[in-house]
Structure formats: C-alpha cells, structure tokens
2 protein chains.
Amino acid sequence: MDKNLKRMATMHRMQVTGLELFYKNGYYNTSIDDILKSLSLSKGAFYYHFQSKEDFFVSIVQNLIVRKVYSMLIEPIEGKENPFTVIDKCFENALETAEHNEMDYGFVLSNFISEFNRRNTVISNYLMDIYKVWEVNLISILQKGKSDGYVDRHVDSEGVATYLISSYMGVRTLMVQGNCRNLRYKYMQQLRQYFNSLTQKEAVL
Amino acid sequence: MDKNLKRMATMHRMQVTGLELFYKNGYYNTSIDDILKSLSLSKGAFYYHFQSKEDFFVSIVQNLIVRKVYSMLIEPIEGKENPFTVIDKCFENALETAEHNEMDYGFVLSNFISEFNRRNTVISNYLMDIYKVWEVNLISILQKGKSDGYVDRHVDSEGVATYLISSYMGVRTLMVQGNCRNLRYKYMQQLRQYFNSLTQKEAVL
DNA sequence: TTTTTTACCGACTAAGTGGTCGGTAAAAAT
DNA sequence: ATTTTTACCGACCACTTAGTCGGTAAAAAA
C-alpha cells in the first residue's frame, strides 16, 4: 500500500493540477496536454497512470472533490447545536472563503454537475453521489434540530435541504461575476430571514 | 429591412439549431460542423452570415436567449397584483414547463453563465445583462408590492431578488438529474414559506 | 549479476477544430 | 442583355484533440 509511493505522488500531482485546470476552464475546454504541459510531464506518464481522460476525472472526483465538499460543507454542520446557527456559520464561512479567493470560478460541485448534466452520465452519477451525501446530512441535522427544539415540528426537512442547496448553488454561480461581498451579504440576510420563519417559536404566554 | 428576408431566415435557422445544440452539449463541446451537419449547410454558409463562433453565439444570446428569459420570467411578473402571488405562479409555471420537457438541460441562462464564467468575458457580459434586467424587474415589483401593502416595509427588495434568483438557478440545475416533480414540489413549498415571512402582517388587534 | 518491473519519454495517428477562399448558380440591379 | 450581388458550396489549411506504442534509464527482485 505504501510501496508505490512514487506512483501515488505523481498521480496526486496530476490530479491536483487537473482539478485546477478543469475547474478554471471547464472539462471540455481543458486538454490533457494543457495539464501535462503545466507539469512538464509527457503523454506516456499520463496514460501510464490513467486509462482515459474520463477515468482521470472520476479519480479527481473521488479523491479531491469529495474531500473539498466534505470539509467545507458537510463536516462543519455536524453536532448537536442549533442547526440554523451551524448552517449559517458554515455557509457564511464558505462564501467568505470564495469571496477572498482571487481564483474563484464558482462552486466546484455545481459547476461540474451543470457541465456534465446529461452529457456524461458516468461522471454525473459520481457527482450526484456527493450531492446526495450533502443532502442527507442536511436533512438529518434538521431532524435532530426538531427533537432538540430548535426547528419547528411542522417543517419539511427535505424541502428545507433542497431549498438550501439550491440557493447556495445559485448564489455561488452569481458570485463569480464580482460584487461578491454584496451578494454574500444579501444572501446571508435572506437566509436568516428564512431560517427565522422555520424556528420553533416559544409558546405564546 | 425586409428585403433580406432569405438572409434572415437562414440566419434564424442557424441560430435556433445552434442554441439547441449549445444548450444540449455545451458551447465548447459543440462544433460548428455539428450545427451545419444537422442543417445540411456548409461552412461557406456559416461564415457568410457570421464572423466567428463567438459572434454567432452572441447573436443567439441577443436574439433567442433574451426573449426566452423575457417571456418565461420577466413579462409574467409585471402587473399590480401581489408580487408573491405573481412570482409564485411564474416560478411554478417555469418549473412545470421544465419538468415536462423531455429535453431539459437546465436553465439556459445559468448554464451559460456558468460555462462562460471568467472564460469568455464578452459573452459573460451579454449574459449578465439579461440577469440584471431580471433582477431589476424583481426588485421593482417588490418595491411596488411595498406601497401596495403586500410586502412588509422592512424587507430588503434587493436581497429578496438575489435570493430568489439564486434559488431558482440552483433548483433548475438540480432538476436535470431527474426527480423533477418532487424537487419542484419541495422547492415551491419552501418558497411559499419564505414569502410568507416577508408578507405584510395585518395589524395586531 | 542478471532479469524484470516501474515510471516515464515523445513521436505518431486519426479524427476533429475554427476558419479561409476560390468558385458558382440564381436572383436582382443596371 | 449585361453586370453585379446574394447566398451558398466544399476543398483546404494549420492546428489541436484523445489516445497508442516502441523505447529506455533507473530501481527492485531474482
């Protein structure tokens, strides 16, 4: 498992640079040669490690993109606290990171979902798997929030999850065109407004 | 203006088929030859009418995409009624149309915005112009809704517009992967929940 | 020490890519 | 009746694409 250390290192370098360029220029608008050039590697090296461009991209999804989404959007929302507070913090943080990133080209997951939609079902499925994990996590934290008395009992957790993911994807798409700070501010304000309407109200005295 | 009728007709045919294929496969993944083949036209015809692939796409944006977004999302929300009712109907209708469209590849505008983001600023700007018109219209209908007593006076119309556009773009991206009916239902439910929290409340007795 | 495997090179191929250009038949202008 | 313009054809060009393959130096195994 560790004896092929060099192998792993090279593959990883290729994946990192590959994701960078695919993210920046899009999958169909990035050639293998582009990636190889910026790594000073040859075609031989690429096809020694990967079967095809598609196979390569799948490995990127499973190794890098999964982890990105996990660390940015899934892990931060685990816990027993108020789901709305946690999600609020998580989104705020994610949007702030994007805002301060000079090289922001949108939300990785939604960019690729949209690029591969119905054009490459194999890749689409891998991407949708990540989306589903995110969704499931949001739903379960909202459900827990109900039993903990944070979330109103009448709330449809699945619906809220869908709405959250949709709005997040959308605002990330818009943010790339600049005016990020303002967009983030407006988005977060409305998110709070929305959360407020889902909050378990104190019993009326 | 009408003497070049044939010219207009051919250009229009090209634009329609072009949009069809660009929408289906993406701009970078669709060649001019693909379009020409499906029209049984030649390279000569294409470059007689258009200067370049980019010029061609810009003409599609200005002629077809603008109108699509207008008729689907902008015109339907004009009027003096309750903004929330009007937007609700408009979104419901748009999502239903998408749902019943076998060849749905997502929201045209957001697909292309995301494909050209930072990759082609000329085209991006034309697309963002459409977005801005949509935004302005949403804001103004919300403002009118305030004076008409439908929308709570404390509501930030710009924020609401951003939030609406974001969520709509996002849910359209998700819908392409199937389960549209369920997604639409959940989305509309939450949209109503959100709207409800923005509605001018009757004075407490 | 010899053999085999690993990790990589880079020339090559076949199929595109956007774009050019000389030609041409029919229609319109003269 | 002659000339010019319109709308289109399709061969061609330089270049890029994903993918193949014979070779090879260094490391590991025998």
Side-chain angles (χ1 to χ4, degrees), chain A residues 1-61 63 112 115-116 119-123, chain B residues 1-61 63 112 115-116 119-123:
Chain A
M1 204 235 258
D2 274 43
K3 59 167 114 173
N4 41 14
L5 243 174
K6 178 150 199 206
R7 182 186 184 80
M8 300 295 277
T10 307
M11 287 177 80
H12 191 253
R13 280 208 315 145
M14 286 178 174
Q15 289 165 336
V16 169
T17 305
L19 176 54
E20 222 167 81
L21 295 182
F22 286 142
Y23 173 55
K24 184 171 176 180
N25 308 316
Y27 177 83
Y28 293 112
N29 203 25
T30 304
S31 70
I32 295 173
D33 282 342
D34 290 339
I35 298 161
L36 261 12
K37 199 182 295 166
S38 89
L39 282 167
S40 299
L41 282 173
S42 67
K43 272 279 167 72
F46 182 86
Y47 284 96
Y48 175 71
H49 292 293
F50 303 100
Q51 285 175 31
S52 64
K53 191 185 180 184
E54 178 178 313
D55 171 70
F56 176 55
F57 190 81
V58 169
S59 86
I60 290 177
V61 174
N63 287 288
F112 288 129
E115 184 168 12
F116 291 111
R119 306 190 237 285
N120 184 318
T121 46
V122 175
I123 294 180
Chain B
M1 203 232 264
D2 273 44
K3 58 167 112 169
N4 41 13
L5 244 174
K6 179 153 198 204
R7 182 186 183 81
M8 300 295 278
T10 307
M11 286 176 82
H12 191 253
R13 281 210 312 144
M14 286 179 176
Q15 289 165 336
V16 169
T17 306
L19 176 54
E20 222 167 80
L21 294 183
F22 286 141
Y23 173 55
K24 185 172 175 179
N25 307 316
Y27 177 83
Y28 293 111
N29 203 25
T30 303
S31 69
I32 295 173
D33 281 342
D34 290 339
I35 298 161
L36 262 12
K37 199 183 294 167
S38 88
L39 282 167
S40 298
L41 282 173
S42 68
K43 271 280 169 71
F46 183 86
Y47 283 95
Y48 175 71
H49 293 292
F50 303 98
Q51 283 176 31
S52 64
K53 191 185 180 186
E54 178 178 312
D55 172 71
F56 176 55
F57 190 80
V58 169
S59 84
I60 290 178
V61 174
N63 287 289
F112 288 129
E115 184 168 11
F116 291 111
R119 304 190 239 284
N120 184 320
T121 45
V122 175
I123 295 180

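Naming: A, B, ... by sequence-line order, numbering from 1 per chain.
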Looking at A/Ser42, I'd like to know whether one of its side-chain N or O atoms comes within less than 4.0 Å of OP1 or OP2 on C/dC9. yes

Which of residues 26-38 of chain A sit near DNA chain C, with a heavy atom under 4.0 Å from it? none

What is the distance from atom CZ of B/Phe56 to atom CD1 of B/Ile32, rounded to the nearest 0.5 Å? 8.0 Å

Any salt bridge (charged side-chain N to carboxylate O under 4.0 Å, His left out) pairs touching residues 47-59 of chain B, not counting sequence neighbours? none

Quick check for you: among C/dG18, C/dG10, D/dC9, whose closest atom lies nearest to any side-chain atom of B/Leu41? D/dC9

Taking atom CG of A/Asn29 and atom CZ of B/Arg119, what is their separation to the nearest 0.5 Å? 7.5 Å

Starting at CZ of A/Arg7 and ending at P of D/dA28, how long is that distance when rounded to a whole Å? 15 Å

The reported gap from CZ in A/Phe50 to CD1 in A/Ile60 (rounded to nearest 0.5 angstrom) is 7.0 Å

Would you state whether a donor and an acceptor, one from the side chain of B/Lys43 and one from the base of D/dA11, lie under 3.5 Å apart? no

Rounding to 0.5 Å, atoms CD (B/Glu115) and CD1 (B/Ile123) come to a distance of 9.0 Å

Under 3.5 Å, which protein N or O atoms sit close to an N or O of nucleotides 22-27 of chain D? Give each pair with its distance.
none

If you look at every heavy atom in B/Gln15 and B/Ser59, which pair is closest and at what distance? NE2-OG, 2.9 Å

Under the side-chain hydrogen bond (donor to acceptor under 3.5 Å, both in side chains) rule, what pairs show up with a residue in residues 34-43 of chain A, not counting sequence neighbours? A/Ser31-A/Asp34, A/Asp33-A/Lys43

For A/Tyr47 against A/Ser52, the heavy-atom pair lying closest together: CE2-CA, 4.1 Å

Going by heavy atoms closer than 4.0 Å, what residues in residues 47-57 of chain B are next to DNA chain C? B/Tyr47, B/Ser52, B/Lys53

Pairs of donor and acceptor atoms involving the side chains of residues 16-24 of chain A, under 3.5 Å and at least two apart or interchain, shall be tabulated with distances.
residue : atom : partner  : partner atom : Å
A/Thr17 : OG1  : A/Arg13  : O            : 3.1
A/Tyr23 : OH   : A/Asp104 : OD1          : 3.1
A/Tyr23 : OH   : A/Tyr105 : N            : 2.8
A/Tyr23 : OH   : A/Gly106 : N            : 3.3
A/Tyr23 : OH   : A/Gly106 : O            : 2.7

In short, A/Arg7 meets A/Tyr48 closest at the heavy-atom pair NH1-CE2, 3.6 Å

In residues 10-23 of chain A, what residues come within less than 4.0 Å of DNA chain C, judged by heavy atoms? A/Thr10

Residues passing the ring-ring contact (aromatic ring centres under 6.0 Å, His included) test with A/Phe116, sequence neighbours excluded, are A/Tyr27, A/Tyr28, A/Phe57

Tell me every residue that passes side-chain hydrogen bond (donor to acceptor under 3.5 Å, both in side chains) with B/Thr30, counting only those two or more places apart in sequence or in another chain. none

